[in-house]
Each structure stands twice: as structure tokens, then as C-alpha cells.
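Have a look at the structure below before the remarks.
Just so we're clear, the structure is a prediction, and the values are computed from it rather than from any experiment.
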There are 2 protein chains.
Amino acid sequence: MRKTTSGEIDLIWTQPPPPPRQRALGRDEIVTAAIAVADESGLDAMTMKAVAARLGDYTPMALYRYVHNKDGLVDLMLDAAAAEIPLPARPGPDWLEDLRTLAMDSRRMIGRHPWFARLVHTRPPAGPHMMRRLEFMLAVLVRQGATVAAAMTYAALIDRHITGSGLQEAEEARIERRYGLDDHAKLFAALATLHDLAAADGGLPHLTGWLAQPFGPTPEEQFTLGLGFLLDGIAGRLSAHASDGV
Amino acid sequence: MRKTTSGEIDLIWTQPPPPPRQRALGRDEIVTAAIAVADESGLDAMTMKAVAARLGDYTPMALYRYVHNKDGLVDLMLDAAAAEIPLPARPGPDWLEDLRTLAMDSRRMIGRHPWFARLVHTRPPAGPHMMRRLEFMLAVLVRQGATVAAAMTYAALIDRHITGSGLQEAEEARIERRYGLDDHAKLFAALATLHDLAAADGGLPHLTGWLAQPFGPTPEEQFTLGLGFLLDGIAGRLSAHASDGV
DNA sequence: CTGCAAAGTTTACGTGATATACAATTCATA
DNA sequence: TATGAATTGTATATCACGTAAACTTTGCAG
């Protein structure tokens, strides 16, 4: 950055020799840094300044030569995240297993990058890795007899479930973080507040009861359950059509 | 507002008598105005300034006496929107119909207030109307034999589907708006760009094919389909448990 | 009337994105 | 190896937001 805070005296001797900035910045480095910042500190902390700082001694403006604007950077982040989802080269023998595995892997990626779920709905899925992933789902479904249009619908349903889960879990994590990650006590207090609110209403017996003992299936179990419902439904449709054709 | 742009001379005579601001602002008026702004111009346009302006001749700071801060205003907006969803006093005879109707009504509300889906995941559902709506779903499900914990899970699955649909449709609408709402030509061009991108990859036959003829079920049909899958799955679970008990 | 509480406004500050102009560095080439 | 052009990064400035603090205006109660 080497910015001289106006007013300070900046003798050469007070500064160690600047590290020889050998090969320049690049898109990949910037995207990686942005992802790291967003992972660690949340989307709101991912400012151009924070990303630049993470890359070393840079000003925010240094990034603009490589990424047009922040929106472009976000596009790149999304596709980089999508690239982390392992993708078989071709559909395997068990199509349900293909879809289930893809869904679980996608979910894991979102677990690593919670911001993904919040950003993916703000732009078309035009990145190459996003497209390849969608193509895989389409291929799997079409091979089972779905039209491409139907396959798009089914894929959208599954993805909706994945990102919806991600959003919800990210929210819970953020709330936990905000009310003090140090201690379960704070979190408990927040739940108690909700409980009292519900109890005060008087007409919310079930909700109040649950808030008093807020336990149930783990998020992963909930996810798997919902995924199963959707896959069952899709399978039903496909077999119905298949027998139609016979 | 009556702000004097610094430098201008502001003789009383140059200004018409200010409209006699009789009964003050209030939370409800502010929330209504905020919702109107967000509905018409999108979430990003919903700034404190825009809301104040919509209410008449006010400065942004005028709102702060009533809503603490913008986040509080958002909380109020969410619950006001939730209040628009009609809610039967008690579960009816057909529990599936109850859930389906609630889901469709919720979906319609989100259609009117697309920002809802984007905001609802950023905070706990602590508003009274949100809570009452959730309580209704729980009541319906518990009455069918679900535990409260299971009912929470099922309700979350349904809501995820509702807001997920809302997000996706809002995105499509926003894209259409951004690339010129005037004309189908612009939208078509955007799709053509996507199509070319996909075609350029070479390995995306299904996606490319669909982009060449991007038709399929309407969003509403997609929604109903997915909702059906989920309700079928839930019904299956409930009846399985019921027969367990026998 | 008078004086105080409530309602609104002014001003100011911090942060963020980003346009524009500039400086420094690197590299190719003569 | 010298030199000028291209590349890379910085400085500076602007604009929009949210919001704190202090101030002014308004309207009603005594």
C-alpha cells in the first residue's frame, strides 16, 4: 500500500525494504482471497479493502484492474465455489445415487462457503462450473426418460432444497455467532427470549413448547429427509411416464 | 423537509406555508411506506431517505424516532408482510388442504413482496404474525400424530420450498427488469448470450438445447409440483408412524 | 401566555464502491 | 544497455448510505 498517512514523516530508514513484488496479482489470487475473507468473516466483511489487505500491502483500487467491479468478483467467487463440487464424468449406473451424491456434495460445499447460498440467487448461473453441474443433472434425468424441460424443473427443485438448507443453517450459525460464540449461555438466553415472546402471546402452545426444549433432527437429517421426499417424487413421475410410454 | 441548501437565501416569502403537519408520523405509516418502496423499486432502493421522502416532506432522521434503526424497520416489514397471509382460526378437516392452502397463500404474498424471501433468512422469525403462522402449521401436523420436533422439520421443508421459489422467481423478474422491461428482444438477447456461452463450452448438449428453446412448466406449476412431492413425503411419514402405533 | 416535551432537522462522521489521473515498475526492442 | 511503451499499482476525490449528537420548531398543558 505504501500510503503515506498525510502528515507523517516517512524516512526510508524507518521502513524495511518493500518485498519485491515479483509476479503481479491475478484473478485467481484475488478470488481466493475474497473467498477466504467471506468464509472467515462473513459476506459483509468482504469489502474490496479487506480483500486487498488480505493479499498483502495493496489498496482496494489495485483489484479493479483484474475484476471490473465487485459484482464481477462475486461472479468469479460463485463459480470457484461451484468448482469444488466433485462431478463424475458421466452418469453412473444408479441415477438416484448420482443425484443424491451430487446434492450431498453441493451441500458440503455450501457448508464450507455459507455465502454461496445467499449470492447464488442474485444472478444467472452462467459460470462454466455451474453450467457443467447443471448439465450433469440434466443428463442424469433425461437418461431416465425426462424431457429437458422436466429435467430443468426437477433440478431446480433439488437445488432449491440445497440452497434453502444452506440459508437456514447459515442463519442459525450467524445468530449463534452474533450472540457470543464464546458460550452456550448467550445462545440459550437468546432462545429464552424467543420463548418468552411466544409464551407471552398465549396462543402458541406448540411453538412455546418446542422453544422450551428446542431439539430435533440435526440439520443434516432434515436435509436428507427433504431430499428423499423430492427424489421419491421425481422417481414417481419418471416411472409414471415410462409406463405411459409402454 | 424544509432543508435550506446552504448558501441559498431563504426568505419566508419565497416558501408557501408548510402544510400543517398535524398528527405525527407513526410506525405503521413508516412500515407501509417502506413496503411500498421495496415493492415498487426493489430492496436496494429502500433507503431511509426514500422511505422518508415517500411519507412526505421528511428527512431520513425523522424515521429514527420510531424505528431504532433500519434493521428494526426490516423486522417490522417482514411481520407486516406475514400478516397478509390469511390464517384459519383452527385447523380444518383436511390437513393436507390446510397446508396446501397456507403454502399457496404464502407464495402469493411473496409474489406481492419479492423482498420478503431475501430478508426472511437474515433473522429469526420472531414477529407475532410469523409465529402465529408457524404455530398453525405445527398444530395441523401435530394433530396428525407428528411430534412437535418432526412438525418443525416438516414446516421448515415447506417454507424452504416457498421462499426458494420466491427467490428464484424474483431473480428472473429482476433480470428481466434489468435487461430492459420494455421489450422481449432484450430478454431474448440475454438468453442468446447464455446460449452462446453454453454452446461454446461444447460439452453441454442438454443445457444448450434448452437455452435454444427455453420453455417448460410455469413457475406456479413447478411450485405446485414440488409442494406435492413434499406433502406426499410428509403424509407417508405420518401414516407410517400412525401404523407403528397401532 | 409560558415553558416543556415531543417531533423533526442540521450537521457531521465513518464506511463502502469506484472514476480519474498519476506514478512507478517492467519489458521489449533498438 | 538504454529508452520508451505497456503494465501495474496508488492517490485522490466523489457519491450514497446509515446513523449519532446537538439543535430547532411545534403544540399543548398549566
Contacts of [X] that satisfy salt bridge (charged side-chain N to carboxylate O under 4.0 Å, His left out) - sequence neighbours left out:
X      : answer
A:E135 : none
A:D105 : A:R108
B:R118 : none
A:D79  : none

Which whole-number value in Å describes the distance from [X] [atom1] to [N] [atom2]?
X     : N      : atom1 : atom2 : value
B:L73 : D:dC17 : CG    : P     : 15 Å
B:L55 : C:dG8  : CG    : C1'   : 13 Å
A:L63 : C:dA17 : CG    : P     : 10 Å
B:D44 : D:dC17 : CG    : P     : 10 Å
A:K49 : D:dA11 : NZ    : P     : 14 Å
A:Y58 : C:dA23 : OH    : P     : 21 Å

Problem set entry | CG on B:L167 to OG1 on A:T163, rounded to 0.5 Å |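 That separation rounds to 7.5 Å.
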
For this session: Check every atom of D:dT10, C:dG16, D:dC17 against the side chain of A:T59 and return the nucleotide holding the closest atom.
Result: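 Selected nucleotide (nearest to the side chain): D:dT10.
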
For this session: Go through D:dG18, C:dA17, C:dG8 for me and flag the one nearest to the A:T47 side chain.
Result: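 The nucleotide sitting nearest to the side chain is C:dA17.
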
Exercise. Does the side chain of B:Y66 get closer than 4.0 angstrom to OP1 or OP2 of C:dG8 through an N or O atom?
Worked result: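 Yes, such a contact exists.
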
Problem set entry | Nucleic acid footprint by protein, nucleotides 19-24 of chain D - heavy-atom cut-off 4.0 Å, B for base, S for sugar-phosphate alone | BBB---

Seminar exercise, completed: ring-ring contact (aromatic ring centres under 6.0 Å, His included) pairs touching residues 104-125 of chain A, sequence neighbours excluded, are A:H113-A:W115

